[in-house]
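All chains are named by letter (A, B, ...) in the order of the sequence lines, taking the proteins before the strands, and each is independently numbered beginning at 1. Keep in mind the model is a prediction, meaning the values are calculated, not measured. The figures that follow rest on heavy atoms only: side chains count, while hydrogens, waters and symmetry mates do not.
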There are 4 protein chains.
Amino acid sequence: MTSAPNSERRSERARRAILDAAFDLVSRKGFAKVTIEGIAAQAGVGKPTIYRWWGSKGAVVLEAMNEELGDDFAFPDTGDIAADLTTQITAVSRRLVTGRISEAFKGVMAEAQNDAALMKAFRETILEPSIAECRARLDSAVAAGQLRSDVPTDVMVDLFYAPVHYRHFLGFGDDAVRRSADLVQDVLLGLRPRTDAG
Amino acid sequence: MTSAPNSERRSERARRAILDAAFDLVSRKGFAKVTIEGIAAQAGVGKPTIYRWWGSKGAVVLEAMNEELGDDFAFPDTGDIAADLTTQITAVSRRLVTGRISEAFKGVMAEAQNDAALMKAFRETILEPSIAECRARLDSAVAAGQLRSDVPTDVMVDLFYAPVHYRHFLGFGDDAVRRSADLVQDVLLGLRPRTDAG
Amino acid sequence: MTSAPNSERRSERARRAILDAAFDLVSRKGFAKVTIEGIAAQAGVGKPTIYRWWGSKGAVVLEAMNEELGDDFAFPDTGDIAADLTTQITAVSRRLVTGRISEAFKGVMAEAQNDAALMKAFRETILEPSIAECRARLDSAVAAGQLRSDVPTDVMVDLFYAPVHYRHFLGFGDDAVRRSADLVQDVLLGLRPRTDAG
Amino acid sequence: MTSAPNSERRSERARRAILDAAFDLVSRKGFAKVTIEGIAAQAGVGKPTIYRWWGSKGAVVLEAMNEELGDDFAFPDTGDIAADLTTQITAVSRRLVTGRISEAFKGVMAEAQNDAALMKAFRETILEPSIAECRARLDSAVAAGQLRSDVPTDVMVDLFYAPVHYRHFLGFGDDAVRRSADLVQDVLLGLRPRTDAG
DNA sequence: TCCTAAACGAGACGGTACGTCTAGTCTTGCT
DNA sequence: AGCAAGACTAGACGTACCGTCTCGTTTAGGA
């Protein structure tokens, strides 16, 4: 068996070159048309250097996308939960259809459908942090009496985020995705607390 | 240019063998591990016969999946919209995670992210008929006074269907997908008509 | 077993079209780049019509070449055997390197190296008639005392014809092939009758 | 453009396996029935490894044949030019009809009729070295007064070698090819120097 | 003059091999 | 020891033809 590489001796230069090349190629040509060979060539790196540190093209691109995104998943908090949700869903939908990240995201998610490890990595590094931020904001809105308290906030997260991804993955088109934030109002109809019986 | 084949002379035997082989292989090995060569071999058919009638592996599997599904997209109508929605969403979620169609659906959708023609075909043959059925049922519920009339029914369709696909594509796991029907109640909270001001 | 076709009902139109297309295509693109499909297409004929009457591309092209050549293998007879041989070898060498027949001949001979039936057909329809004509002329030259009588005339035929084909098949180049007639004189050096002991 | 491979890093193991497999297959099945795929499979080698180093099946088989022949083209020199020519032509004719090289030679030459690069390679590696050896021997025979000096020795080479190849390529049959050495005497009739006027 | 059997055009079919592409592994210096 | 480089085995890709096999559609001789 091949022994695990020693990460202390890893070349940061090679790592950066690989991630930059991967992100650039995916952005320009689309995930499906990018190959490990192509990444290695553009990065000026041998293929084994990629295979030594990543398990698949999806893993490389996911990491490249993460670096591009940074780790700032902060949710806005103006005190108005409706406005904050609209702001955030609008931002997410724009990222999906036009952002630098767009091609990479679509490609990684397609790949992840048939690659459990990639899906796990995506969820841990991107999705779950985002959800946690959103949920924290919803919790504070519940505490502030802006949302009803008898629907779990993790369910609320799903209700707010689902439409944008649904429209994105099922091919409703860029315009429909971008208009997904409009649905925040409709979801909120049922999530507002009521003085009278629901 | 290669002229189009004459579909009148097409061999139904070959067509069936190809679709059956494709569906069987995808179900057993997963979309990603199936090859056109493998389909041709199992179907007892030459590769060119596949390429003559379909443009990609995704197209073959989509058609195989369509034949498996049949064209029955009927939406239940018991008079109780909440019950009917729950029934239908439950059925959809089960199909996605355990049904015969499960692997094929996941593979086709992953492929469709980077293949516009495949996405278009999927929408026309499967998604849009389903949506139309759902929408018709929602229209009748609006007419019956079970749903408010100031939210367009196509938006309602998105609100009800989004969670199941969202959880499915973003890797929430089979259990979470199956529990998606529970969210019907939460969405309905806001879509019920009200006599008092909203 | 497929019964033999009835040659009385054969379509002369189809036969002509096939031979013409075959000869034209071979002349323009070279034997190796011509396909049965291409011949059928240019002839406006179905592939089975070709397979019904010929066993291979080589057989078609051989017949086409034969029609082009006609059956005139007459050897010149001016009374001067040296001049007649030079005339004939010159004619043959020109046919091989520049004539209409050039590509077809080269292709058929290459094919015939691995197709005994084709070789047999070539010898019977072209080579042996030519040899017979040559040999008859040599016999008359022997009778006229212009050639020695103790070397069999079939051996003489080989000695005169060998150089041109040798140079042609072993790639000595068009010029060398065309100059092959010059060797007639050198061969004749030994084949002239002598009064003194040989 | 595909950059040229670096021959310093070439695997000698793969090269040997390919040449051995090619030669074995051609010897057993005949050139026409051998495929690049078959060679790769028997050699335990990927197809691209063959295409990386050779341009065609003919080129592989030519090199395999060269290795089998070795580079020993030495012409015998017993002092008797007639005997030496007979020995050599006999050896060549036997190689053509029964030797290990027989199938490979026939196949390569057939291919070379429509492949100028292959013909060039054949001439440079096999034919021209043989001719040079023969010519050197003839030169020494001329110097020794055994052959006339007014016929160029390169023409003499053609006269001696032509019959065996002519009979071989034009399908005279194995026996006729093997008897080609008999013609040496007839050619020599005219190439012996004479004291009386020619 | 019609009938009918065949040859015909067309082209889809099951196959084979092509030559290319990329994957992932292995090997060889170089730093 | 990790690296760049790239050759290696492996195998799927999509294409080109093969030779066979239906299909209707002429077409030509015999009834």
Under 3.5 Å, is there a donor-acceptor pair between the side chain of D:Gln113 and the main chain of C:Phe169?
yes
List in chain and number order the residues that pass side chain to side chain donor-acceptor pair (under 3.5 Å) with [X], two or more places apart in sequence or in another chain; answer none if no residue qualifies.
X        : value
D:Glu37  : D:Lys47
C:Glu63  : C:Arg15, C:Trp54
C:Asn114 : none

Whole-Å gap separating [atom2] ([N]) and [atom1] ([X]):
X        : N      : atom1 : atom2 : value
C:Ile39  : E:dC8  : CD1   : P     : 16 Å
B:Tyr51  : F:dA12 : OH    : C1'   : 8 Å
D:Lys33  : E:dA17 : NZ    : C1'   : 16 Å
D:Ile50  : E:dT20 : CD1   : P     : 13 Å
D:Glu8   : F:dA4  : CD    : P     : 21 Å
A:Glu111 : E:dT22 : CD    : C1'   : 14 Å

For nucleotides 9-14 of chain E, read 5' to 3', which letter fits each nucleotide if B means a protein heavy atom sits under 4.0 Å from the base, S means only the sugar-phosphate is that close, and - means neither?
SBBSBS
Please compare C:Gly38 and B:Gly55 by the position of their nearest nucleotide in DNA chain F and report the one closer to 5'.
B:Gly55
Distance-only check: which donor-acceptor pairs under 3.5 Å involve side-chain atoms of residues 19-26 of chain C, not counting sequence neighbours?
{"residue": "C:Asp20", "atom": "OD1", "partner": "C:Arg16", "partner atom": "NE", "Å": "3.4"}
{"residue": "C:Asp20", "atom": "OD1", "partner": "C:Arg16", "partner atom": "NH2", "Å": "3.0"}
{"residue": "C:Asp24", "atom": "OD1", "partner": "C:Arg28", "partner atom": "NE", "Å": "3.2"}
{"residue": "C:Asp24", "atom": "OD2", "partner": "C:Arg28", "partner atom": "NE", "Å": "3.0"}
{"residue": "C:Asp24", "atom": "OD2", "partner": "C:Arg28", "partner atom": "NH2", "Å": "2.9"}
{"residue": "C:Asp24", "atom": "OD2", "partner": "C:Gln42", "partner atom": "NE2", "Å": "2.8"}

Who passes ring-ring contact (aromatic ring centres under 6.0 Å, His included) against B:Phe31, sequence neighbours left out?
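With sequence neighbours excluded, B:Phe31 shows a ring-ring contact (aromatic ring centres under 6.0 Å, His included) to no residue whatsoever.
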